[in-house]
Visitor: 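Submitted below is the structure of interest, expressed as structure tokens.
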Amino acid sequence: MSTVNSDAVSATQSMGTGATGAAVVNSTTARTVTPESPSSQHIIAEDGSNRHHRDWRGWKFMAPFAIVFVFVFIIPVIYAIYLSFFTHKMIGGDVFAGLSNYVRLFHDQQFWSSVGRVALFTVVQVPIMLALSALLALALDSLRLHGMKFFRVSTFMPYAVPAVVSTLMWGFIYGAKYGMIGSLNDLLGTNFDVLNPNWILVSIGNINTWEFTGYNMLIFYASLTTISHSLYEAAAIDGATEWQIVKRIKMPELKGSLAITVIFSIIGSFQLFNEPSVLQSMVPGNTITTYYTPNMYAYNLSFMGGQSNYAAALAIVMAVITMAIAYIVQLRSMKEQMK
Amino acid sequence: MTFTKKAIALVGALAMAGSLAACGGSTSSSSSASSDTSSNEKVTINVWAWEPALKNVVPKFEKKYPNITVKLQNVGTNKDEYTALDNAIAAGSGAPDVAQIEYYAIPEYAIKSQLKDLSDTSAKDHQSFYTPGTWASVNYNGGIYGLPMDSGPMAFFYNKKVFDKAGIKSAPTTWDEFYQDAKTIKAKTGNYITSDSGDAGFYDSMVWQAGGTPFKTTGTDTVSVKLTSDAGATKFTKFWQKMIDEDLIDTKTAGWSDDWNRALGDGSIAGLLTGAWMPANLLSGAPSASGNWRVAQMPQWSAGETANSENGGSSLAILSSSKKADAAYKFLDYVSHDSEGIKTRIDAGNFPSDNDTLKSSDFLNQTTLTDSDGKKNEYFGGQKFNAVLAKAAANVTTGYQFLPFEVYARGIYADTAGAAFTGKTTLSKGIAAWQSKIVDYAKQQGFTVK
């Protein structure tokens with residue numbers, strides 16, 4: 001009797017009130033067991049159909065996002081995975097290739113050299129940039145600077161300049177003969193060339209630091225402004241020096257946003273593309289190769305060599321590597337914060 | 001992050017949707033190719049080209065053929081256009097009727113049967129109309145895959161002021177003299193006779209000029225790559241290595257960079273071995289050196305020879321997917337064969353590919369270039385530079401073949417051979433590495449490599 005009732009109700013009742021509906025319908029049986037609310041929850045949990053309906057309502061609210069997400073994210077990823085199992089030949093067309101693209105990738109020295117390069121870049125550039133950002137944020141937060149607003153805007157400004165434009169600009173500055181470096185060379189009688197193969201990664205790192213220091217500074221600064229003033233007052237009463245305040249109050253607060261900025265920066269560095277590809281036409285020989293970074297390699301494979309299937313395999317492997325590294329960093333930082 | 005072919009193709013197709021909508025009515029008349037286009041039926045053809053001179057040609061063409069509307073689009077310069085073209089072809093829709101294709105890219109599209117063979121049109125009688133180099137470039141495996149538009153016979157452009165300062169009376173006529181002059185210029189002025197920081201198109205042209213034929217395609221699926229054993233290729237490689245070793249060419253300044261243009265302007269790069277399309281670029285890139293530069297024939301491997309090669313230059317080709325081939329061919333013919341069409345392009349700065357223009361006295365006696373403000377400029381100090389370049393065009397040897405994937409091969413030249421220009425390896429080792437990458441790619445693409 002109760003089961004029939006519950007079915008009928010679940011069909012007519014809307015999902016939001018499903019819980020109470022079920023409770024009412026089952027009240028006859030419920031009464032015989034225990035009249036408290038926990039029992040009704042227990043019964044609902046058993047009632048599969050009711051639960052199902054409730055889920056659908058949530059999905060309706062999700063739909064606008066879910067549809068877009070599926071089309072622009074899930075489907076392309078699945079399609080890339082699908083593509084990576086094929087190979088396209090000028091003679092012979094598309095052929096199923098199984099895992100051969102992946103096997104080739106694991107033996108591709110060019111690919112691993114590009115991964116090594118962005119890893120090195122990450123290890124060196126990210127700490128420098130984040131240290132600078134933190135310093136700037138602390139300086140801003142100290143309220144001891146003149147022209148705070150100007151300072152804040154001008155450090156953030158480079159982030160608003162499109163990467164292509166800023167790279168072109170830096171490219172002109174870097175010119176060993178006629179750029180700013182060239183003028184310096186004339187002045188000092190030196191022959192310094194930052195666009196040569198030994199220095200180019202540093203030069204790119206400098207552009208990236210210039211571009212993103214302001215952005216990271218803003219994240220740090222935002223977390224500093226959330227510190228309650230009562231803490232500072234307490235510190236002042238206890239006679240803490242400025243340095244002690246920085247060390248005991250501000251630095252611990254920065255730790256939380258550090259995880260976010262590190263993850264963003266790692267992902268950004270692993271996707272390095274704009275700066276080296278724009279600089280490529282300004283540097284001699286093989287200073288910046290077509291496989292300089294993993295993203296450049298994928299781009300050149302698919303647009304220059306017609307090897308989009310192989311590029312798809314590369315993209316997927318790179319996504320996995322980047323996710324793994326970001327995940328490890330996040331785990332570590334969560335452990336840190338637990339301490 | 002995911003550079004998938006179809007996704008790219010989709011984007012390409014979407015981009016094209018606009019243009020398709022724009023020519024709405026006429027797209028339905030897909031039978032126009034078979035029907036008589038001389039009837040009053042209106043046809044719209046889509047043309048992809050980056051050559052700016054074509055903008056002036058289209059209105060005159062449309063006046064002559066009122067029933068044909070030309071929709072000219074610049075979808076990008078060379079590599080960018082080829083990418084767009086590949087995407088449109090892969091997507092199966094959105095490809096234009098006519099596309100600008102450089103000579104070196106013709107085999108790549110011809111071998112995939114993506115260009116219409118013009119052998120059954122009036123093009124088959126055009127051989128004597130064009131220079132030998134350009135005509136050979138549009139012929140591939142017995143078919144004619146485009147009509148030559150502009151051309152780029154190699155020549156030696158040099159800064160006479162710097163040569164004078166070094167006490168050199170005339171331009172070098174042999175590579176030996178070129179080497180000696182380079183030494184003199186370096187010693188007396190500190191300048192370089194030319195620059196090269198790893199340019200594949202330049203390397204190809206120099207090998208061609210040295211009589212080399214390192215690439216051969218037989219049938220549709222067999223290629224041979226003999227860069228390490230070809231006599232012309234090894235001759236040039238060895239010579240160029242000597243120039244690099246003795247620091248006689250500027251290897252640090254990347255071609256077409258801002259520094260490069262300035263160096264051409266102030267004389268620190270005192271010469272260029274490049275195509276006949278260079279004058280307009282010199283004027284815009286290095287205006288300060290106006291009056292200092294001159295043009296001469298390419299230096300030769302043995303005194304008295306006249307061998308020359310092409311560098312750059314492009315044709316117009318009809319896509320085999322086009323359903324309006326008749327109208328498209330009328331456009332090709334007007335641009336590349338009709339005297340009015342040719343003159344319009346030459347006036348806009350194109351270097352001609354047809355013998356008539358190369359012989360016309362107006363062209364040969366020209367001493368000025370027109371700058372972007374429309375002012376006449378005696379950039380070559382009053383020299384009749386076109387007379388030199390016309391002779392260079394007539395001297396181009398035939399028989400050189402491009403790879404059927406030349407675009408890719410050139411793209412990876414700097415990766416391999418480029419290391420020789422930064423002192424990391426020798427040019428011959430770099431060329432050997434290039435060859436092995438080319439062979440790998442050929443095999444991956446299903447070619448038989450001999």
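Numbered from 1 within each chain, the chains take letters A, B, ... in sequence-line order.
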Visitor: Check B/T220 against A/I91 and note the closest heavy-atom contact, atom names and distance.
Guide: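 Heavy atoms only, the tightest pair is O-CD1, 3.3 Å.
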Visitor: As an exercise: rank B/D80, B/D266, B/I111 by heavy-atom pairs under 4.5 Å with chain A and give me the winner.
Guide: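 The answer is B/D266.
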Visitor: With side chain to side chain contact (heavy atoms under 4.5 Å, CB included) as the criterion, how do B/K437 and A/Q110 come out once you've worked through the C-alpha distance, each side chain's angles and the decisive distance to 0.1 Å?
Guide: CA-CA 12 Å; B/K437 290 270 175 220; A/Q110 295 190 340; 3.1 Å; yes
Visitor: Working to the nearest 0.5 angstrom, can you tell me the gap between A/L279 CG and B/S257 OG?
Guide: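 Nearest 0.5 Å value for the CG-OG distance: 11.5 Å.
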Visitor: For the atom pair CD (B/Q444) and OG1 (A/T87), what is the distance rounded to the nearest 0.5 Å?
Guide: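 Between B/Q444 CD and A/T87 OG1, I get 7.5 Å after rounding to 0.5 Å.
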Visitor: Between A/F172 and chain B, with a heavy-atom cut-off of 4.5 Å, which part of the residue counts as in contact: side chain, backbone, both or neither?
Guide: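 The answer is the side chain of A/F172.
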Visitor: Quick check on B/D250 against chain A: is it the side chain, the backbone, both or neither that has a heavy atom closer than 4.5 Å?
Guide: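 The side chain, not the backbone.
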Visitor: Under a 4.5 Å heavy-atom cut-off, does chain A meet the side chain of B/K252, its backbone, both or neither?
Guide: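 Its backbone and side chain both get close to chain A.
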Visitor: Rounded to the nearest 0.5 Å, what separation is found between the CZ atom of B/F405 and the CE atom of A/M90?
Guide: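 Interatomic distance, B/F405 CZ to A/M90 CE, rounded to 0.5 Å: 7.5 Å.
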Visitor: Is it the case that over 12 heavy atoms from other parts of the model lie below 6.0 angstrom from the CH2 atom of A/W199?
Guide: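 Atom CH2 in A/W199 is not packed in, count stays at 12 or less.
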Visitor: Is B/K186 atom NZ crowded by more than 12 heavy atoms from other residues, nucleotides or ligands, each under 6.0 Å away?
Guide: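 Correct, the count exceeds 12.
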Visitor: For the side-chain hydrogen bond (donor to acceptor under 3.5 Å, both in side chains) test, which of B/D415, B/T422, B/T416 pairs with A/N286?
Guide: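 The option that passes is B/T422.
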Visitor: Ignoring hydrogens and angles, tell me if any N or O in the side chain of B/Y441 forms a donor-acceptor pair with the backbone of A/G305 under 3.5 Å.
Guide: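 Yes, the answer is positive, given that a donor and an acceptor are paired below the 3.5 Å cut-off.
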Visitor: Looking at A/Y327, I'd like to know if its OH atom is crowded, meaning that more than 12 non-hydrogen atoms belonging to other residues, nucleotides or ligands lie closer than 6.0 Å.
Guide: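 Count not over threshold, so no.
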Visitor: Kindly determine whether A/K177 and B/D258 satisfy salt bridge (Lys or Arg N to Asp or Glu O under 4.0 Å), including the steps that lead there.
Guide: CA-CA 10 Å; A/K177 268 190 196 151; B/D258 185 53; over 6 Å; no
Visitor: State whether the number of non-hydrogen atoms from other residues, nucleotides or ligands found under 6.0 Å of A/F96 atom CZ is greater than 12.
Guide: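 Atom CZ in A/F96 is packed in, count exceeds 12.
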Visitor: I'd like to verify something: which residue of B/A442, B/A409, B/A414 has the highest number of heavy-atom pairs under 4.5 Å with chain A?
Guide: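 Between B/A442, B/A409, B/A414, the count favours B/A414.
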Visitor: By a 4.5 Å heavy-atom criterion (distance strictly below it), what part of A/Q280 contacts chain B: side chain, backbone, both, or neither?
Guide: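 Neither the backbone nor the side chain of A/Q280 comes within 4.5 Å of chain B.
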Visitor: Count the heavy atoms belonging to other residues, nucleotides or ligands that lie under 6.0 Å from OH of A/Y82, then report whether that count exceeds 12.
Guide: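 Open: at most 12 neighbouring heavy atoms sit under 6.0 Å from OH of A/Y82.
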Visitor: With a 4.5 angstrom heavy-atom cut-off, could you sort out which part of A/D193 is near chain B: side chain, backbone, both or neither?
Guide: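 For A/D193, the side chain is the part near chain B, not the backbone.
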Visitor: Should we count NZ of B/K443 as having more than 12 external heavy atoms under 6.0 Å?
Guide: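 No, because the 6.0 Å sphere around NZ of B/K443 holds 12 heavy atoms or fewer from other groups.
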Visitor: Quick check: does any side chain N or O of B/Q445 sit under 3.5 Å from a backbone N or O of A/K89, one acting as donor and the other as acceptor?
Guide: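 Not a single qualifying donor-acceptor pair exists.
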Visitor: By a 4.5 Å heavy-atom criterion (distance strictly below it), what part of A/T290 contacts chain B: side chain, backbone, both, or neither?
Guide: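 For A/T290, heavy atoms of backbone and side chain both lie under 4.5 Å from chain B.
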Visitor: Against chain A, work out which of B/E108, B/K79, B/K424 has the most heavy-atom pairs shorter than 4.5 Å and name it.
Guide: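 Looking at each of B/E108, B/K79, B/K424 in turn, B/K424 comes out on top.
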Visitor: For chain A, find which of B/A263, B/A417, B/S195 contributes the most heavy-atom pairs closer than 4.5 angstrom.
Guide: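 Max contact count across the listed options: B/A263.
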Visitor: Looking only at heavy atoms, which two atoms of A/P284 and B/A254 are closest? And how far apart?
Guide: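 Looks like N-CB, 4.1 Å.
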Visitor: Taking atom types as modelled, find out whether A/Y178 and B/S268 have a side-chain donor-acceptor pair closer than 3.5 angstrom.
Guide: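 A/Y178 vs B/S268: donor-acceptor pair found between side chains.
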